[in-house]
There are 2 protein chains.
Amino acid sequence: MNSTAKNCAALAKRLTDSGLRPTPQREVVFKVILEKRDHPTADEIFARVKSQMPTISLATVYNCLETLVQCGLVRQVNLERAPTRYCPNLHEHAHFHDDATGQVHDINLPADTLKQLRSLLPPGFDASTVELAFRGSKGSARAKLAEGRAAARSGAN
Amino acid sequence: MNSTAKNCAALAKRLTDSGLRPTPQREVVFKVILEKRDHPTADEIFARVKSQMPTISLATVYNCLETLVQCGLVRQVNLERAPTRYCPNLHEHAHFHDDATGQVHDINLPADTLKQLRSLLPPGFDASTVELAFRGSKGSARAKLAEGRAAARSGAN
DNA sequence: ACAAGGATTTAGAATTATTCTAAATAGAAC
DNA sequence: GTTCTATTTAGAATAATTCTAAATCCTTGT
């Protein structure tokens, strides 16, 4: 069994496990992403896929990509399609995007951590900026529950 | 001198230092960003500014924001307005965006570094994803020169 | 004061990536 | 084989941003 066939089998399994169908379109989109690992955009993927399947539509490419991401078979590099946000905090800091509220919080980023991150870069890579973003929810149900219990114990308002 | 006046003075200095003019529009845009530090989008800034200056246009807000960013007075949180990119590398990793070529490279991200980054979050913040992106240029002129010298020394092809 | 010239603002058109919609097609299950 | 649901498709719609060209505003030289 060659590598392409193996990947297709893996894809089919992941899809059926999620109650989704392994279609030719999903296969070919997955294949071109594996073929040339250069972080292509949806448009680039569309162009590459069209040479093998000229009738495919761009909407289908977007659909397939969404499915593949959901199945955990590919990652999207550039989550941040939300509008650009502006902040007057000029100190080095990271951001926390709260999925629940849509709010963005500043997270302090120590200078030595930043230096350490830069040191991850192989020689020849020279980063002018480092962006660190967390995404999740603030005060999960468990945390809220804990807070509530603490408040009850201390007899607070 | 109150804080608003001080900020305006700082703004005016930065602008004139860069050969730009301190205009009422730039002042009011800067003011609303300082006023409520909640990482507003351009649209939100537009709405807030309009209550003080109803004739301002959205294009001007974008222009002012660009100017303020250029002067180093505000930062944009969400650089990534380029199209979303997809990658089949499912291991935890960071990305390096090469400004010169537009290419994106994977950077290995050790598990303990990742854990360390998560530990920066204050209690109650629960991150489901961590995104680390570098931006810069690969193989600067200086690095290329050094490579060249090394090659010459070792008599390589 | 006044004219020239560049910077800035403005409204609206254009662009770009993406999502939505509704109809057509294709498979799976009974 | 019919029914049901998933998927694909083309094109319209949306949303953030940038572009364009005209109007306005300042600054500077005279």
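By convention in this document, chain letters (A, B, ...) are assigned in the order of the sequence lines, proteins followed by strands, and residues within each chain are numbered from 1. Because only heavy atoms are used, hydrogens play no part in the values below, and waters and symmetry mates are left out as well, while side chains stay in.
Per the geometry, CE belonging to B:M53 stands 15 Å off P belonging to C:dT8, to the nearest Å. B:Q70 has its CD atom 14 Å from the C1' atom of C:dA7, to the nearest Å. At whole-Å resolution of the value, CG in A:L65 and C1' in C:dT19 are 13 Å apart. Protein atom CZ of A:F46 is 11 Å distant from nucleotide atom C1' of D:dT9, rounded to whole Å. Atoms CD (A:E66) and C1' (C:dA17) sit 15 Å apart, rounded to a whole Å. What separates CD of A:E44 from P of C:dT18 is a distance of 11 Å, to the nearest Å. Rounded to whole angstrom, the span from the CD atom of B:Q25 across to the C1' atom of C:dT10 amounts to 10 Å. Atom CG of B:D43 and atom P of D:dT18 are 13 Å apart (whole Å).
Looking at heavy-atom distances under 4.0 Å, A:T23 makes contact with sugar-phosphate atoms alone, never a base. Looking at heavy-atom distances under 4.0 Å, B:N63 makes contact with a base.
Between B:F96 and B:H105, the two ring planes are tilted [angle within 30° to 60°].
Electrostatic pairing of B:E35 and B:K31 counts as a salt bridge here, judged by a charged N lying under 4.0 Å from a carboxylate O.
Taken from OG1 in A:T113 to CG in A:L132, the straight-line distance is 9.5 Å, to the nearest 0.5 Å.
Judged by closest nucleotide on DNA chain C, B:T67 is the one of A:P24 and B:T67 placed further toward the 5' end.
Contact check for B:L58 versus B:D43: side-chain heavy atoms found under the 4.5 Å cut-off.
Relative to the side chain of B:R26, the nucleotides D:dT9, C:dT9, C:dT18 differ in distance, and C:dT9 lies closest. Listed nucleotides: D:dT9, D:dT5, D:dA16. Nearest to the side chain of A:R21: D:dT5. Comparing D:dT8, D:dA16, C:dT10 against the side chain of B:I56 picks out C:dT10 as the nearest. Nearest to the side-chain atoms of A:Y62 among the listed nucleotides C:dT10, C:dA28, C:dA17 stands C:dA17. When distances are taken from the side chain of B:S57 to each of D:dA10, C:dT10, D:dT17, the shortest belongs to C:dT10. In the set D:dA10, D:dT7, C:dT10, the nucleotide with an atom closest to the side chain of A:L20 is D:dT7.
Side-chain N or O atoms of B:R26 include none that pairs as donor or acceptor with a backbone N or O of B:L68 at under 3.5 Å.
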